Structures are given as C-alpha cells and as structure tokens.
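None of these values were measured; they are calculated from a predicted model.
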Amino acid sequence: RIFQTQQSGADTKALTALWAWAAKGPWREDATCPVREYAAARLEKWLTDWLAMGGGGIIDATLASRLYGQGGKITVAAACLGPAEPAAAHKAFGRLRSLQKRLKPIWAIETSSPVLQSFLGASATRLLYRDAGLVIGWRMRAADEALRQADRRWKKCAKAVKQWCKHNE
C-alpha cells in the first residue's frame, strides 16, 4: 500500500515538505537554532495547544481523557529535556505529572468501559454481567472522585505552565 501511494505520487507534497524540513533542521552544524531551543519551542507550542484544549477547566470525562493523552506526550518530551531546565520548568512539569496522576482514572474508565461493554452480549452469563458491573462501578467511583478534584489541579497546573511559557520566551 505504501509503495502504491509513492508510485501514484499522492504523498509527494508531504515528502517534499519533510525533505525541506530535514534539510534545514536544527541538528545541522550551520543551523541558526540549536536543537535544545528547537525542542523547547516545540514543547511550548504543545503546551499552549494543551492549555487551549483545556480552556476554562476540566468539565467532563471526555475532555479529561483527551487532556490525559496529550499531557502524556508532553510529559515524555519534557523528561527528554533533562534536568538542565530552570526551576520554573520543574514546577510546571511537576504539576503536570500530578495532574496526569489525577486524570488517569478518568482516562481508564473512558477507554476500558467500551471494552467491557463489548463483552456483554446476548450470550453473556449473569456472572460476567456482575463482574463487569463491579469493575465499571469501581472505576466510575475513582473517576468521579478524580473529576471532582481535577479542576483545582488543572488551575494550578495551567498557572505553572503559563509561567514556564512566559519564562521560555
């Protein structure tokens, strides 16, 4: 399938853009922007998009689940920057990790509930219904508690991230 796409020329525009980006990337010796600055700028872009996604706060489980997914990507990227970051970064990413821990039960129920529901069909036994109900109920309780506390943590995290972005400019 990839070969057919390349032969038809459907991906020429994307490959040309990738080649142009690679040709003037920050890893070249004559680049005007070092890799560390490029990574910090990219991380800042992800953080501002993440803050915009959260908007005024965490209002429902679907948004919390999306924020958890994007926050995971940002957390991994921030860990790659290492300990050379200033104190503002440690505070911001510490708050982000704390928020991630709070959002994980919400993400877990958003992703596992449909899977458990798929097991429950016409041929499911009463025991399977009971066990699935116990698991979903237990996870819903944890997700409900996490959702109630997530908005407060979101505000603290958003404030620290905004400070880091301002410091990074």
Undergrad: For residues Thr125 and Arg130, determine if any side-chain heavy atom of one lies less than 4.5 Å from a side-chain heavy atom of the other.
TA: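 A side-chain contact is absent here, since even the closest heavy-atom pair is not under 4.5 Å.
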
Undergrad: Please tell me whether Ser112 and Arg139 have a donor and an acceptor in their side chains that are separated by less than 3.5 angstrom.
TA: yes

Undergrad: Apply the test side-chain contact (heavy atoms from CB on, under 4.5 Å) to residues Trp154 and Leu63: give CA-CA distance (whole Å), side-chain angles for both, the deciding distance (0.1 Å), then the verdict.
TA: CA-CA 12 Å; Trp154 166 258; Leu63 176 62; over 6 Å; no

Undergrad: Would the distance check show the side chain of Ser98 and the main-chain N or O of Gly94 forming a donor-acceptor pair, the cut-off being under 3.5 Å?
TA: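 Pair absent, no side-chain N/O of Ser98 close to backbone of Gly94.
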
Undergrad: Identify whether NZ of Lys or CZ of Arg in Lys91 sits under 6.0 Å from the centre of the six-membered ring of Trp164 and within 45° of that ring's axis.
TA: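 The answer is no, since Lys91 fails at least one limit relative to Trp164.
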
Undergrad: Return the minimal non-hydrogen interatomic distance between Ala143 and Ile109, and the atom names on each side.
TA: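 Smallest heavy-atom distance, with atoms named: CB-CG2, 3.6 Å.
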
Undergrad: For the CG atom of Leu134 and the OH atom of Tyr129, what is their distance to the nearest 0.5 Å?
TA: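 The OH atom of Tyr129 is 14.5 Å from CG of Leu134, to the nearest 0.5 Å.
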
Undergrad: Is it the case that the side chain of Trp50 and the backbone of Leu67 share a donor-acceptor pair, with hydrogens and angles ignored and the cut-off at 3.5 Å?
TA: yes

Undergrad: Between Ser65 and Thr62, is there a donor-acceptor pair closer than 3.5 Å when you use the side chain of the first and the backbone of the second?
TA: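 Side chain of Ser65 to backbone of Thr62, a donor-acceptor pair under 3.5 Å: no, none is there.
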
Undergrad: If Ile, Leu, Val, Met, Phe, Trp and Tyr residues are connected whenever their side-chain heavy atoms lie under 4.5 Å apart, and connections chain through other members, are Leu127 and Val135 in the same group?
TA: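 In one cluster: no.
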
Undergrad: Taking Leu147 as the starting point, is it possible to reach Trp138 by hopping between hydrophobic residues whose side chains are less than 4.5 Å apart?
TA: no

Undergrad: Give the intermediate values and the outcome of side-chain contact (heavy atoms from CB on, under 4.5 Å) for residues Leu51 and Trp46.
TA: CA-CA 9 Å; Leu51 287 173; Trp46 287 348; over 6 Å; no

Undergrad: Is the shortest side-chain heavy-atom distance between Phe93 and Val161 below 4.5 Å?
TA: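 No - every pair of side-chain heavy atoms lies 4.5 Å or more apart.
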
Undergrad: Considering all heavy atoms of both residues, which atom of Pro105 and which atom of Ala146 are nearest to each other, and what is their separation?
TA: CG-CB, 4.2 Å

Undergrad: To the nearest 0.5 Å, how far apart are OG1 in Thr75 and OH in Tyr68?
TA: 9.0 Å

Undergrad: Partners of Asp144 by side chain to side chain donor-acceptor pair (under 3.5 Å), sequence neighbours excluded?
TA: Arg148

Undergrad: Please report the interatomic distance NZ(Lys45) to SG(Cys165), rounded to the nearest 0.5 Å.
TA: 11.5 Å

Undergrad: Is the backbone N or O of Glu110 less than 3.5 Å from a side-chain atom of Ser113, with the two atoms forming a donor-acceptor pair by type?
TA: no

Undergrad: Apply the test side-chain contact (heavy atoms from CB on, under 4.5 Å) to residues Leu47 and Lys162: give CA-CA distance (whole Å), side-chain angles for both, the deciding distance (0.1 Å), then the verdict.
TA: CA-CA 9 Å; Leu47 284 167; Lys162 286 177 186 175; over 6 Å; no

Undergrad: If we ignore hydrogens and angles and just use 3.5 Å, is the side chain of Gln149 paired with the main-chain N or O of Arg102 as donor and acceptor?
TA: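 Not a single qualifying donor-acceptor pair exists.
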
Undergrad: Please evaluate residues Lys73 and Gln70 with respect to the criterion side-chain contact (heavy atoms from CB on, under 4.5 Å), reporting the C-alpha separation (whole Å), side-chain torsions for both, the decisive distance (0.1 Å), and the verdict.
TA: CA-CA 5 Å; Lys73 176 178 80 170; Gln70 291 299 313; 3.4 Å; yes

Undergrad: Enter the distance from Arg152:CZ to Cys157:SG here, rounded to the nearest 0.5 Å.
TA: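 Answer rounded to 0.5 Å: 13.0 Å.
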
